[in-house]
Amino acid sequence: MAKTILQIAPTPFFSDRGCHIRVEGIIRCLDELGFRNRLCTYHHGRDIDGVDTVRISPIANYTQTEAGPNKYKLWADWKLLWLAVVQTRKLKPDVIHAHLHEGVMIGLAVKLLFFWRRIPLLADMQGSLTGELDTHGSFNKLPLLRWPTRLLERFLMWAADYIVCSSEHSLALISREFSVPTEKISLAQDGADPVAPGEPESRQQLRASLNIAQDKTLVMYTGALLESKGLNELKSLLRACADQPDLHFLIIGYPTDNLQPFLQEHGLESSATLTGRVQFEALPSYLNAADIAIDPKFSDAGEGSGKMLNYLAAGLPVVAFANENNRVFLPDDSKLAGNVEEMAQLLSELAKDHNYRQERGEANRQHFTQHFSWQTTRTQLANAYTSLIGADAMPGRQGND
């Protein structure tokens with residue numbers, strides 16, 4: 001009989017966000033390893049084929065799907081705890097796989113409530129809680145909360161039976177900051193599916209549908225339009241590139257209510273197309289229409305970067321800042337920017353040299369194939385679960401090759 005994993009994701013899965021792409025990818029990998037998975041998540045979001053999903057009962061005024069604080073999240077987490085308890089009684093899971101710090105808190109509560117079953121708890125970390133709250137500005141008004149938050153984070157890392165991290169940087173950060181024993185933590189990195197090259201006709205049709213001139217060098221950004229994800233740097237970059245008429249920015253993400261007025265105020269509407277939210281399944285066609293990709297997030301809280309992997313999978317040259325995550329994700333010889341002005345200069349260099357763009361894009365595609373496919377993540381998860389539950393308790397080896 002297949003081993004059962006109760007997945008806990010305190011988020012509106014699926015809402016076309018990097019966090020959700022990882023959750024889906026992790027579940028797919030564990031399915032391939034022979035586990036049976038059931039995901040407990042919030043009431044909103046959309047169901048994904050192949051992911052067995054159960055949801056909390058609706059919260060009428062909680063409709064936010066983008067990342068960030070919300071006054072209804074605490075109530076949603078209480079409901080998620082109850083849902084996880086109900087599902088634990090039904091399924092009698094062999095493992096609790098908890099995503100994000102809130103998920104680990106809920107998973108720990110479930111583990112303690114069913115203490116006689118001794119269910120192992122695996123914490124799936126995408127970065128530092130303290131670092132993430134810092135980037136959201138949560139400690140600006142209440143700096144005294146930083147210390148208890150860090151203490152809580154340390155407690156959760158020690159309470160979990162095993163930890164997997166989404167990036168090498170988050171692995172090093174958590175190991176160092178919270179003195180986690182090496183035998184209790186490992187990498188299960190973010191992955192992506194290869195993006196097949198599109199036909200020139202499809203590229204032209206998409207550009208035409210968006211009213212983007214065919215002769216423009218199309219610079220793509222995809223991701224949340226939040227300050228914690230680099231929104232301010234993106235705005236600065238748009239202004240810094242205003243004197244480069246050969247560039248056009250394709251910005252895919254949400255919420256758009258902050259960026260759209262900025263484009264109007266600074267007369268940048270003709271040099272940028274803002275699509276709003278695009279379903280993840282449609283993303284490859286947009287990637288194939290682009291010439292260059294950007295990641296304007298300057299801060300580095302240890303998070304992975306799903307957008308970066310999708311850029312690499314599509315064979316796009318990437319312009320990004322010189323933080324630890326980007327140094328890991330991109331080939332060693334990549335040029336990285338130290339500030340917005342350097343980022344604008346790198347864009348200019350790529351825009352002027354078609355051969356250079358192709359060279360960098362192909363290097364990125366090869367780097368992705370060698371290091372960041374979901375097959376690599378699946379192998380890492382197999383090793384992590386072997387450490388957690390023992391080799392004898394693992395399902396058949398059909399997915400472990």
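FYI, side chains are in, hydrogens and waters are out, and symmetry mates aren't considered; it's all heavy atoms of this structure.
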* Is there a donor-acceptor contact under 3.5 Å linking the side chains of K297 and N323? -> no

* Asked: Once the angle between the rings of H367 and H371 is folded into 0 to 90°, is it parallel (under 30°), tilted (30 to 60°) or perpendicular (over 60°)?
  -> tilted

* Show the numbers, then the answer: is there a side-chain contact (heavy atoms from CB on, under 4.5 Å) between S271 and L238? => CA-CA 9 Å; S271 60; L238 289 168; 5.8 Å; no

* Could you please spell out the steps behind the side-chain contact (heavy atoms from CB on, under 4.5 Å) verdict for V95 and I389? => CA-CA 8 Å; V95 178; I389 64 177; 3.7 Å; yes

* Any donor-acceptor pair under 3.5 Å from N326 side chain to F321 backbone -> yes

* T63 and H44 side chains, donor-acceptor separation under 3.5 Å -> no

* Asked: Are L225 and L274 close enough, and set up right, to give a side-chain contact (heavy atoms from CB on, under 4.5 Å), and what steps lead you there?
  -> CA-CA 11 Å; L225 298 175; L274 186 58; 3.9 Å; yes

* Structure fact -> When every non-hydrogen atom of P317 is compared with those of L350, the smallest separation belongs to CB-CD2, 4.1 Å

* Between atom CD of E32 and atom OG1 of T377, what is the distance when rounded to the nearest 0.5 Å? -> 10.5 Å

* Does the side chain of I8 reach to within under 4.5 Å of the side chain of H97, using non-hydrogen atoms? -> no

* To do: Could you walk me through whether R239 and E233 pass the salt bridge (charged side-chain N to carboxylate O under 4.0 Å, His left out) test, one step at a time?
  => CA-CA 10 Å; R239 295 188 67 181; E233 289 82 0; over 6 Å; no

* Asked: Using a distance-only test with no angle check, is there a side-chain donor-acceptor pair under 3.5 angstrom linking N70 and Q64?
  -> yes

* Any side-chain donor paired with an acceptor under 3.5 Å for T379 and T376? -> no

* For the pair Q264 (side chain) and E269 (backbone), establish whether a donor and an acceptor sit closer than 3.5 Å, ignoring hydrogens and angles. => no

* Under the 3.5 angstrom rule, does the side chain of K184 hit a backbone N or O of A160 as a donor-acceptor pair? -> yes

* Asked: Is there a donor-acceptor contact under 3.5 Å from the side chain of W78 to the main chain of K73?
  -> no

* Between Q7 and R38: side-chain donor-acceptor atoms closer than 3.5 Å -> no

* Can you label the angle between the F35 ring and the Y385 ring as parallel, tilted or perpendicular, going by 30° and 60°? => tilted

* Are the side chain of R36 and the backbone of K3 linked by a donor-acceptor contact shorter than 3.5 Å? -> no

* Distance from K235 atom NZ to L263 atom CG, nearest 0.5 Å? -> 9.0 Å

* What is the distance from atom OG1 of T273 to atom CD1 of I212, rounded to the nearest 0.5 Å? -> 4.0 Å

* Determine yes or no for a side-chain-to-main-chain donor-acceptor pair under 3.5 angstrom, with N288 supplying the side chain and A314 the backbone. => no

* **Test salt bridge (charged side-chain N to carboxylate O under 4.0 Å, His left out) applied to D31 and R378, step by step** => CA-CA 10 Å; D31 283 341; R378 186 183 68 189; over 6 Å; no

* With a 3.5 Å cut-off and no angle check, do the side chains of Y162 and S186 form a donor-acceptor pair? -> yes

* Backbone N/O of P12 and side chain of T41: donor-acceptor pair under 3.5 Å -> no

* Show your reasoning for whether salt bridge (charged side-chain N to carboxylate O under 4.0 Å, His left out) applies to D161 and K111. => CA-CA 11 Å; D161 295 294; K111 176 184 172 73; 3.0 Å; yes

* Please assess S57 against K79 for the test side chain to side chain donor-acceptor pair (under 3.5 Å), listing each intermediate value before the final yes or no. => CA-CA 8 Å; S57 58; K79 286 193 166 196; 2.7 Å; yes

* To do: Start with the C-alpha distance between K352 and D246, add both sets of side-chain angles, then the distance that settles salt bridge (charged side-chain N to carboxylate O under 4.0 Å, His left out), and finish with yes or no.
  => CA-CA 9 Å; K352 292 175 181 177; D246 53 329; over 6 Å; no

* Asked: Are any of the side-chain nitrogens in R327 or E324 under 4.0 Å away from the carboxylate oxygens of its partner?
  -> yes

* To do: Walk me through it: do F372 and F329 pass the test ring pair (Phe, Tyr, Trp, His ring centres under 6.0 Å)?
  => CA-CA 8 Å; F372 294 111; F329 283 124; 5.3 Å; yes

* Checking S334 side chain against L330 main chain: does a donor-acceptor pair fall under 3.5 Å? -> no

* Can you tell me how far the CH2 atom of W82 sits from the CD1 atom of I106, to the nearest 0.5 Å? -> 14.0 Å

* Charged N-O contact under 4.0 Å between R207 and D291 -> yes

* Quick one: do H248 and T217 satisfy side chain to side chain donor-acceptor pair (under 3.5 Å)? Show the steps, please. => CA-CA 6 Å; H248 190 93; T217 301; over 6 Å; no

* **Intermediate values then yes/no, side-chain contact (heavy atoms from CB on, under 4.5 Å), V219 and L347** => CA-CA 8 Å; V219 181; L347 281 175; 3.9 Å; yes

Scan the side chains in residues 339-346 for donor-acceptor partners under 3.5 Å anywhere in the protein, sequence neighbours excluded, and list what turns up.
{"residue": "N339", "atom": "OD1", "partner": "E341", "partner atom": "N", "Å": "3.2"}
{"residue": "N339", "atom": "OD1", "partner": "E342", "partner atom": "N", "Å": "2.8"}
{"residue": "E342", "atom": "OE1", "partner": "G338", "partner atom": "N", "Å": "2.6"}

* Using the six-membered ring wherever Trp is involved, compare the ring planes of Y62 and Y72 and label them parallel, tilted or perpendicular (cut-offs 30° and 60°). => parallel

* To the nearest 0.5 Å, what is the distance between OG (S15) and CD (Q279)? -> 10.5 Å

* Structure fact -> Which of I21, D193, D190 passes side chain to side chain contact (heavy atoms under 4.5 Å, CB included) with L309? Answer is D190

* Asked: For the side chain to side chain contact (heavy atoms under 4.5 Å, CB included) test, which of K307, M220, R277 pairs with I252?
  -> M220

* Asked: Does a salt bridge link E177 with R154, judged by any charged N lying under 4.0 Å from a carboxylate O?
  -> no

* Please find out if less than 6.0 Å separates the ring center of F13 from that of Y42. => no

* Looking at CD of Q126 and NE2 of H101, how far apart are the two atoms once the value is rounded to the nearest 0.5 Å? -> 10.0 Å

* Verify, without hydrogens or angle tests, whether D94 (side chain) and T4 (backbone) share a donor-acceptor contact under 3.5 angstrom. => yes

* To do: For atom CG of D332, decide whether the heavy atoms of other residues, nucleotides or ligands shown that lie under 6.0 angstrom number more than 12.
  => no

* Taking R357 for its side chain and A351 for its backbone only, find out whether a donor-acceptor pair lies under 3.5 Å. => yes

